[in-house]
Amino acid sequence: MSFRVLHSEGKARLGVLSTAHGDVPTPAFMPVGTRGAVKGVGPHELEAAGASIMLANLYHLSLRPGIEVIEGVGGLHSFCGWPGPILTDSGGYQVFSLSDQRRIDAEGVTFRSHLDGSPVRLTPATVVDMQERMGVDVAMVLDECPPWPVDEEEASAALRRTTNWARLARESWREGPTELFGIVQGSFYPRLRESALEQTVALDFAGYAVGGISVGEERSLGRATVELVAPLLPADKPRYLMGVGTPADLVHGIRWGVDLFDCVMPARHARHGVLFTREGLLRIKNATFSTDERPIDARCSCPACVRLSRAFLRHLICSGEITGQVLATLHNLRFYLDFVADLRQALASGSFEDSAAEIARYYLEAEAKTD
RNA sequence: GGAGGAGUGGCCGAGUGGUCAAUGGCAGCAGACUGUAAAUCUGCCGGGAAUUCCCUACGGUGGUUCAAAUCCAUCCUCCUCCA
């Protein structure tokens, strides 16, 4: 794997992440396919939507179908039919989201499986090992992602575990097709973040993530953390802002030097009838669209926008038709991927700030109103 | 013609003398969602004034009662069975 920065504008970077399974032009948005597929979307459709890299989740895949199954059929790429780059999350987020089902200790975390209640043990080493066995391009270290609010003492304790886990993960990593990314935690305490950054970078990972954002904090805290951490990460390594975010979040992250993003938002919002357009959010279930013959977004070329009306899509979504959810997901994914592609284009032409203001106009304005 | 049973808010369906503008569910309306235990969750949902107020409402009408969706009479409609 290699990473090259092609252009930069301020702290924003245009680059390419090259992996054994293909190149990822950055900044990039990675659709989330937790169980090996973005909900409702097959690999061919994901490719058609413009995705260059997909994210999956080790914790979920290890429970079902099991790593041995994936390994036995030649790895995650062939198993899920996605030939391009794959990044897997370690289960660190599940330490956060399944908090009532787990117990954390110095050596790792024990979950009660959300599927059947049986105990599942994840340690830094086993997590790296399983991701390597799946043959993914990028593996994430196991980390602890504390919710907000959390006091500094507790956040500090969580960070100590995460840092120790990072060292153990780094030590267990074996040179091969799978690269390992470290994660900077530290909640919203600048001192902890700075310390986390220093200690994580010292372990010399292939890339670095900013984790622990969007865990219940107010927007300004998350933004400040990105502004603090992202620019200090090694310039020659890819930077990944985990779990973020809204279109405005992406603009902000890119401005501060982030290269990779992932978020369930476009997919989940789609299933719930919230569509992204170049003119802002469109809640397709609203009665006002019941006879609206226009496409979701006149400038979008996704399968839904090319030939279907808002009225019909509304009908499908309101009826609970799986097809409506699929089409809405294809649309939102296309929107996100086009959106980031437009921002890359802006970076390439050296007009990121001006262009972003136009490209993300409605999202930036909507956000400004809620500040 | 006779004997039973049933009619509740847009729909289904609880309630069977006061605490009932009436449990639930569905539909409808609106909102939330950020490394996915999410096709999930939340709020509103007779009308009007818009903090404990008024009006209309449990098939129709009349009655009993301080008080009725709940009891009585009668009428209407539907279902089942017998002729």
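Letters go in sequence order (proteins before strands), and every chain restarts at 1.
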If you define the side chain from C-beta out and look only at heavy atoms, does anything of A:Y240 sit under 4.5 Å from A:V258? no
Just wondering, more than 12 heavy atoms not from A:R112 lying within 6.0 Å of its CZ? no
How are the rings of A:H60 and A:H114 set relative to one another: parallel (under 30°), tilted (30 to 60°) or perpendicular (over 60°)? perpendicular
Is any side-chain heavy atom of A:E179 less than 4.5 Å from a side-chain heavy atom of A:W173? yes
Plane angle bin for A:F188 and A:W148 - parallel if under 30°, tilted between 30 and 60°, otherwise perpendicular: perpendicular
Measure from the ring center of A:F289 to the ring center of A:H315 and say whether it is less than 6.0 Å. no
B:G7 and B:C75, which share atom name C1', separated by this distance in whole Å: 14 Å
Hey, can you pull the residues of residues 19-30 of chain A with a non-hydrogen atom under 4.0 angstrom from RNA chain B? none
Whenever both distances are under 3.5 Å in a Watson-Crick or G-U wobble pair, mark it; put RNA chain B into dot-bracket that way, with [ ] for crossing pairs and | when the partner is on another strand. ((((((((.[[[..)..(.....]]].(((((.......))))).(((....)))...[[[[[..)....]]]]]))))))).
Which letter, B, S or -, goes with each nucleotide of nucleotides 31-41 of chain B from 5' to 3', with contact meaning a protein heavy atom under 4.0 Å? SBBBBBBBBB-
Look at the rings of A:W256 and A:H252 and say which category their plane angle falls in: under 30° parallel, 30 to 60° tilted, over 60° perpendicular. tilted
Are any side-chain N or O atoms of A:D297 and backbone N or O atoms of A:R299, one a donor and one an acceptor, separated by less than 3.5 Å? yes
Nearest-angstrom distance, P atom, B:G10 to B:U23: 14 Å
